[in-house]
There are 2 protein chains.
Amino acid sequence: MAITSSTTDPSAPFDTQELRAWRGMLRAHAALTKALDAELEAAHGLPLSSYEVLLHVSHAEDQRMRMCDLADSVILSRSGLTRLIDRLEREGLVARESCPSDARGSFARLTPEGRTKLDAARRTHLAGVRLRFLDRVTPEELEALGDVWDRVLAGDDVDEAAVPPCG
Amino acid sequence: MAITSSTTDPSAPFDTQELRAWRGMLRAHAALTKALDAELEAAHGLPLSSYEVLLHVSHAEDQRMRMCDLADSVILSRSGLTRLIDRLEREGLVARESCPSDARGSFARLTPEGRTKLDAARRTHLAGVRLRFLDRVTPEELEALGDVWDRVLAGDDVDEAAVPPCG
DNA sequence: TCCCTATTGTTGCACATGCAATCATCAGAT
DNA sequence: ATCTGATGATTGCATGTGCAACAATAGGGA
């Protein structure tokens, strides 16, 4: 019988190191996002997804962004973003504005209340990420992680590439 | 004004490296799970969460596991697992069995059909993880990743620790 | 000018998921 | 034996999410 070598058989079982790196990421991600979300919700009544949206909007000039740009920045579908902005608007944290140059488009603009809430939530979130993640990683590992993610995300189009041309 | 040093102010903004490592993980995780889930669903009609459950059950002796043990192994709540097993049972991939030693408990056992389906899905999944993740990581990075996740997950109880004793 | 296609944002629908309540059962104390 | 608290599993309910369909508008060519 053949020796299962990872370089020849792409569907060979994972070895210990591979398993540790892969499942570890899944578990760490789940634990981190769950803890951070709960923390943010408890301290400011703001889910993590809402926080991320507010943060992105706040980085844009004029504190406003087009829905489509926002959907690309955030890990969320178009429809998901629409409902999330609905909620934020209901809470008075953002306001929708129509786009003069494109009647189809909408802006989401950060309100003063949204800015205040975001500033407070930001401190909580940054401290939470440091406590649970960044403080447990050396500078060298930090750089290695960044490199890995860049490489992983560079092949974001492997879906198409993996599918036979005339599928 | 004070110089913002990451060692003194836990809520100081992230620097470039920190941002790259943190947001990179969020994006990479989202991209990977989405691609792998879609791939598995397309090839075998099996969502990633179902695959993980089947895999864990298959690793247990007698190909069966208690619901509570399963819920601890998988990243899923108790109720979520109950419904997931409902679906898998409806598809004939697992079967529920009562536990002789504890009438409260249930086993989920892998059926022959489940075993067949899992074997096929496993090849797809392993190859997918290699293609999108493992093949893009050096052995040194792999080890570093494992170390990082261990450290991150070791403090899985920071929630309680961060809460004031008599909160 | 008119038409055709692409894009933007929203909505209907289905679905997976978590929390809290619930039921049955276990284990231990009295 | 009985009572009590803890535990395993399930269910009702609410919620967040994605996909596909849709309406409105943009942009470009005949």
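Proteins get letters first, then strands, A, B, ... in listed order; numbering begins at 1 in each. Note that these values count all heavy atoms, side chains included, but never hydrogens, waters or copies made by symmetry. The model shown is predicted, which means the values in this text are computed figures rather than measured ones.
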For D/dT17, take OP1 and OP2 only and decide whether either is under 4.0 Å from a side-chain N or O of A/Arg83. no
N/O (side chain, A/Ser77) to phosphate O (OP1/OP2, D/dG16) under 4.0 Å: no
Within the structure shown, what part of the strands sits under 4.0 Å from A/Ser106 by heavy-atom distance: base, sugar-phosphate, or nothing? sugar-phosphate
Any donor-acceptor N/O pair, A/Arg151 side chain to B/Arg136 backbone, under 3.5 Å: yes
Given atom CE of A/Met65 and atom C1' of C/dT8, what is their separation to the nearest angstrom? 15 Å
Would the distance check show the side chain of A/Asp37 and the main-chain N or O of A/Pro47 forming a donor-acceptor pair, the cut-off being under 3.5 Å? no
side-chain N/O A/Arg66 vs C/dG9 OP1/OP2, d < 4.0 Å: yes
Measure all distances between protein nitrogen or oxygen atoms and nitrogen or oxygen atoms of nucleotides 23-27 of chain C, and list the pairs falling under 3.5 Å.
unit_1, atom_1, unit_2, atom_2, d
C/dT25, O2, B/Arg104, NH1, 3.4
C/dC26, OP1, B/Ala103, N, 3.2

If you take atom types as modelled and just measure distance, does the side chain of A/Thr82 reach the base of C/dG9 with a donor-acceptor pair under 3.5 Å? no
Between the first and last five pairs of the helix from C/dT1-D/dA30 to C/dT30-D/dA1, the angle of the axes, rounded to 10 degrees: 0°
Could you state the atom-to-atom distance from CG of A/Leu84 to P of D/dT15 in whole Å? 15 Å
Using whole Å, report how far CG of B/Leu88 lies from P of C/dT17. 11 Å
Under 3.5 Å, is there a donor-acceptor pair between the side chain of B/Thr111 and the main chain of B/Gly92? yes
Nearest-Å distance for atom pair CD1/C1', residues A/Ile85 and D/dT17: 15 Å
Measure the shortest side-chain to side-chain distance between A/Arg66 and A/Asp102 over non-hydrogen atoms and say whether it is less than 4.5 angstrom. yes
Could you walk me through whether B/Arg109 and B/Met65 pass the side-chain contact (heavy atoms from CB on, under 4.5 Å) check? CA-CA 7 Å; B/Arg109 177 190 293 264; B/Met65 277 183 81; over 6 Å; no
Counting just side-chain N and O atoms, does B/Arg78 come under 4.0 Å of either OP1 or OP2 of C/dC19? no
Checking all strands, does B/Leu81 fall into the base, sugar-phosphate, or nothing category for heavy-atom contacts under 4.0 angstrom? nothing
Parallel, tilted or perpendicular, judged at 30° and 60°: which one describes the rings of A/Phe133 and B/Trp22? tilted
Check whether B/Glu141 reaches the backbone of B/Thr138 with its side chain - one donor and one acceptor, N or O, closer than 3.5 Å. yes
Could you check how far CG of A/Leu46 sits from P of D/dT15, rounded to whole Å? 16 Å
Rounded to whole Å, CD of B/Glu97 lies from P of D/dA9 at a distance of 13 Å
Between C/dT17 (P) and B/Asp86 (CG): distance, integer Å: 12 Å
Out of B/Leu93, B/Val74, B/Asp69, B/Leu110, which residue meets the side-chain contact (heavy atoms from CB on, under 4.5 Å) rule with B/Val57? B/Leu110
d(CZ, A/Arg87; P, D/dA14) in whole Å: 16 Å
Looking only at side-chain N and O atoms, does B/Arg96 come under 4.0 Å of OP1 or OP2 in D/dA9? no
Over all strands shown, is A/Leu76 touching base, sugar-phosphate only, or nothing at heavy-atom distances under 4.0 angstrom? sugar-phosphate
Name every donor-acceptor pair, under 3.5 Å, that has one atom in a side chain of residues 116-129 of chain B and the other anywhere in the protein, sequence neighbours excluded.
unit_1, atom_1, unit_2, atom_2, d
B/Thr116, OG1, B/Pro112, O, 3.0
B/Lys117, NZ, B/His44, O, 3.1
B/Asp119, OD1, B/Arg115, NH1, 3.1
B/Thr124, OG1, B/His44, NE2, 2.6

Would the distance check show the side chain of A/Trp149 and the main-chain N or O of B/Ala21 forming a donor-acceptor pair, the cut-off being under 3.5 Å? yes
